[in-house]
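What follows is a single structure, and I will ask about it in a moment.
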There are 4 protein chains.
Amino acid sequence: MRRRGRGRGDARTRILDAAEELFAADGYEATATARVARRAGVPKGLVFHYFPQKIDLLVALVEERTHIEEPGSPVPEGSPGDPAGALARLARRLPLRASPAMRRILFREADTHRSVRDRLHALNRAVLHRARTALEIALPGARGDAARLEAAAATFTAVLLYQENLAHLTGHHVDPDAVADLIARSLGG
Amino acid sequence: MRRRGRGRGDARTRILDAAEELFAADGYEATATARVARRAGVPKGLVFHYFPQKIDLLVALVEERTHIEEPGSPVPEGSPGDPAGALARLARRLPLRASPAMRRILFREADTHRSVRDRLHALNRAVLHRARTALEIALPGARGDAARLEAAAATFTAVLLYQENLAHLTGHHVDPDAVADLIARSLGG
Amino acid sequence: MRRRGRGRGDARTRILDAAEELFAADGYEATATARVARRAGVPKGLVFHYFPQKIDLLVALVEERTHIEEPGSPVPEGSPGDPAGALARLARRLPLRASPAMRRILFREADTHRSVRDRLHALNRAVLHRARTALEIALPGARGDAARLEAAAATFTAVLLYQENLAHLTGHHVDPDAVADLIARSLGG
Amino acid sequence: MRRRGRGRGDARTRILDAAEELFAADGYEATATARVARRAGVPKGLVFHYFPQKIDLLVALVEERTHIEEPGSPVPEGSPGDPAGALARLARRLPLRASPAMRRILFREADTHRSVRDRLHALNRAVLHRARTALEIALPGARGDAARLEAAAATFTAVLLYQENLAHLTGHHVDPDAVADLIARSLGG
DNA sequence: AATGAATGAGCGTTCATTCAT
DNA sequence: AATGAATGAACGCTCATTCAT
């Protein structure tokens with residue numbers, strides 16, 4: 001396959017790059033495939049060669065550009081007695097690999113596109129699981145009850161995953177580290 | 001003016017009702033004005049009689065169907081010593097009067113429509129202010145830790161305002177009461 | 001009939017005034033009746049009360065605001081031996097009473113509206129007749145032949161009637177007096 | 001590219017042919033793009049493929065279908081002493097190549113579309129220049145009377161360029177040859 | 001694999017016209 | 001006579017998608 005002039009990668013990659021940028025900026029509905037092609041520097045027909053339906057662009061982005069790291073690896077997520085540190089460490093190793101653009105796409109389009117929503121649910125489940133595990137390890141005595149720990153994990157997951165979106169939508173940034181500290185205190189850490 | 005058409009209210013109201021439903025369900029971009037008209041039981045032209053541009057539907061919804069209650073009224077928001085109760089009470093008297101449908105519209109369209117985003121920022125500011133005040137009253141001794149109190153107020157505001165959306169996006173409901181309890185504990189309530 | 005606030009005359013007159021302005025500026029097709037109403041300061045319905053069809057506005061303007069003076073009156077149009085003077089005098093007493101706006105309407109819409117075209121033909125016939133008569137009187141010997149005199153009258157009529165339009169369309173003004181002089185010379189005056 | 005459709009030329013040409021006919025007959029405003037497509041035998045969308053905006057049809061027509069011949073070529077425009085012949089010859093070699101339909105479009109739409117008006121001004125300037133030059137060559141002795149010569153050239157240009165339109169608007173044809181003769185006489189030819 | 005002309009359904013919007021009051 | 005809400009046909013234009021090459 002001949003390399004194309006303007007772009008860095010092959011045509012398919014450039015098409016996805018363009019779609020990612022445009023979907024993030026303007027939304028899926030408001031982005032015409034012709035604009036994707038133009039931005040990618042490829043002829044319009046080629047977009048449909050690789051992605052027979054427009055929705056396939058979105059599906060491919062979500063499938064190929066949001067990776068959830070497997071938590072199975074031996075990651076000593078938290079040292080006992082330091083729940084705040086455990087959560088902060090989790091924040092730093094967010095098991096979601098996705099560009100900020102991909103996150104905006106994920107949140108925006110999840111509302112109306114089931115396949116995106118499913119992916120977002122899976123991501124959320126993964127992070128929530130990690131947070132819960134980290135807190136359980138950090139607080140071996142399971143002080144307080146399970147319900148409180150669940151609420152803490154859920155709150156932290158929400159703040160962690162949605163921080164950019166919350167900041168954008170509310171005009172107010174909530175710092176995950178501060179929330180980690182808050183939560184740790186409430187669990188008696 | 002023909003008072004009352006086929007439906008419950010007058011035409012303009014029915015058009016807004018229809019737009020609210022459809023924008024919430026499918027998004028603004030994906031909703032054709034013709035569908036709004038059909039759902040409202042009015043001819044297409046009448047939609048444009050009242051709302052010369054499609055965007056005016058969204059603007060009117062946001063302006064007329066999201067009210068921020070004035071916090072000035074004598075609301076004994078919290079009794080000293082009971083921050084959890086204060087927040088819970090705030091949750092029950094959310095100063096945002098908007099249907100769940102309006103909230104979904106607000107969050108979804110804020111991303112791409114400035115006027116909606118401005119409104120959402122204002123709402124957030126109002127709720128944040130209330131939460132902060134409630135905590136200050138409930139914890140008069142907590143003066144020393146302004147940063148922690150701010151983080152607590154911001155976290156609670158986020159969970160409170162976005163609960164339905166978070167539930168929808170994550171597949172997981174976070175209970176504001178549980179978060180209120182969590183926060184209260186962490187502030188030494 | 002109550003006098004209306006903004007305008008000078010009654011509603012019907014103000015509607016015609018507005019139509020005259022707008023048709024002249026933008027053309028009949030490109031002028032919406034709603035704009036006519038707005039400019040006239042009357043409700044939309046009233047335009048259709050007086051002029052049941054949009055075209056009636058144009059017809060009324062042409063019928064009521066272009067008057068052809070009757071040449072029957074004893075006007076000593078030219079003194080024998082001075083054809084240039086005779087034509088110049090005719091130019092000064094153009095038997096067409098119509099505002100510059102009305103003339104633009106007449107020429108522009110004659111192309112596609114038969115009733116306007118008929119009126120314009122009548123106007124042309126009247127002016128042509130006057131020009132011919134003036135030349136015949138000024139040149140009693142009928143020097144040269146009739147065909148030449150006819151060409152002279154037609155040329156002068158065209159320049160006289162269409163001068164503003166020619167100027168607008170060509171960017172070049174042709175002075176009727178200079179043409180009168182030219183023609184007089186060619187007829188041996 | 002599917003070479004040749006149903007009609008005579010390729011699709012773009014057929015679209016312009018149709019637009020030329022319809023704009024000339026009914027005016028630009030009164031001609032729907034759908035009618036252009038139907039007359040051209042192409043689907044509606046294809047018109048917008050080639051001409052993204054309706055106005056581009058008019059612009060393309062004016063740019064591609066009105067040519068002003070360069071006057072630079074060695075055209076012995078007039079032999080000295082025969083101004084009538086010189087003008088008659090100019091009439092026969094009008095430096096404006098445009099169908100009668102294009103001329104009607106030019107005059108009608110110049111009123112409201114600046115690009116068309118600009119083109120018309122350029123055409124007028126070119127013809128006026130030719131007429132002036134022809135008269136200067138044919139009447140080398142007429143140096144003293146520049147103003148009269150200018151009026152003669154302008155009058156002839158107007159009659160020459162606008163003859164069809166004047167005929168249509170007035171119901172009266174003015175023969176350019178007769179006017180050429182008239183003018184020649186008045187300049188003492 | 002690559003291309004861009006071709007297609008047609010559908011969209012937002014305009015607007016002359018009607019009509020109940 | 002006066003009003004403006006109501007109506008629907010039509011318009012300019014967009015766009016996902018097809019397909020011959």
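Keep in mind the model is a prediction, meaning the values are calculated, not measured. Here is how names work: the chains are called A, B, and so on, in the same order as the sequence lines, proteins then strands, and each is numbered from 1.
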| Nucleotide nearest B:H49 when distance is taken to its side chain, options F:dA10, F:dA6, F:dT17 |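 Taking heavy atoms from C-beta onward, the closest nucleotide is F:dA6.
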| task | Round to a whole Å and report the spacing from CZ of C:R38 to C1' of F:dT3. | result |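 It works out to 16 Å between those atoms.
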| request: Find the distance D:E29:CD to E:dA16:P and express it as a whole number of Å. | output: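 Computing the D:E29:CD to E:dA16:P distance gives 12 Å.
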| request: Rounded off to whole Å, could you give me the CG-to-C1' distance for the C:D26 and E:dC15 pair? | output: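 Rounded to whole Å, this separation is 16 Å.
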| message | Judged by each residue's nearest nucleotide on DNA chain E, which is more toward the 5′ side, C:T31 or B:F48? | response |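 The answer here is B:F48.
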| Under-4.0 Å side-chain N/O to phosphate OP1/OP2 contact, B:Q53 with E:dT13 |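 Yes, such a contact exists.
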| message | With rounding to the nearest 0.5 angstrom, report the CZ to CD distance, C:R108 to C:E29. | response |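 These two atoms lie 8.5 Å from each other.
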| query | Between B:F51 (CZ) and E:dC11 (C1'), how many Å, whole number? | reply |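 Spelled out: CZ on B:F51 to C1' on E:dC11 is 19 Å.
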| task | Among the candidates E:dT13, E:dG12, E:dA2, find the nucleotide nearest to the side-chain atoms of A:L46. | result |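 Ranking E:dT13, E:dG12, E:dA2 by closest atom to the A:L46 side chain puts E:dA2 first.
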| message | Nearest whole Å is fine: how far is F:dA20 P from D:D10 CG? | response |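 That distance rounds to 19 Å.
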| message | I want to confirm an ordering. Mapping D:K54 and A:Y28 to their closest nucleotides on DNA chain F, which one lands closer to the 5' end? | response |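 The residue whose closest nucleotide sits nearer the 5' end is D:K54.
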| task | Remember a base hit wins even if backbone is also touched, and classify A:K44 as base, sugar-phosphate or nothing at under 4.0 Å, heavy atoms. | result |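 The answer is base, as A:K44 lies within the cut-off (heavy atoms under 4.0 Å) of a base atom.
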| query | Regarding B:K54 and the six-membered ring of B:F48, is the cationic atom NZ or CZ under 6.0 Å from the ring centre and inside 45° of its axis? | reply |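 Judged by the rule (NZ or CZ under 6.0 Å from the ring centre, within 45° of its axis), B:K54 is not positioned above B:F48.
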| B:R65 bridged to B:D17 by N-O distance under 4.0 Å |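 Between B:D17 and B:R65 there is a salt bridge, with a charged N closer than 4.0 Å to a carboxylate O.
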| said: Regarding B:D26 and B:R35, does a basic nitrogen lie under 4.0 Å from an acidic carboxylate oxygen? | reply: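 Result for this pair is yes, salt bridge flagged.
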| Considering heavy-atom distances to DNA chain E, does D:G45 or C:I55 have its closest nucleotide positioned more toward the 5' end? |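 Between the two, 5'-proximity favours D:G45.
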| task | Just compare E:dA5, E:dG8, E:dT17 and give me whichever is closest to any side-chain atom of C:T33. | result |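 Of the options given, the side chain of C:T33 lies nearest E:dT17.
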| task | Between B:V47 and D:A32, name the one whose nearest nucleotide on DNA chain F is closer to the 5' end. | result |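 Nearest nucleotide further toward 5': that of B:V47.
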| message | Could you tell me how far apart D:D56 (CG) and F:dG12 (P) are, to the nearest whole angstrom? | response |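 Rounded to the whole Å, the gap is 13 Å.
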| said: What is the separation between atom CZ on C:R12 and atom C1' on F:dA2, rounded to the nearest whole Å? | reply: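 After rounding, the reported distance stands at 16 Å.
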| task | Ignoring the backbone of D:Y50, work out which of E:dA5, F:dG12, F:dA2 is nearest its side chain. | result |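 The closest nucleotide is E:dA5.
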| task | To the nearest Å, give me how far apart CG (D:L58) and P (F:dG12) are. | result |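 Answer to the nearest Å: 13 Å.
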| said: Any strand counts, and the cut-off is 3.5 Å on both contacts for Watson-Crick or G-U wobble. Which nucleotide pairs with F:dA20? | reply: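 E:dT3 - that is the nucleotide pairing with F:dA20, both distances being under 3.5 Å.
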| Quick one: OH on C:Y50 to CD1 on C:I15, what's the gap to the nearest 0.5 Å? |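 The OH atom of C:Y50 sits 6.5 Å away from the CD1 atom of C:I15.
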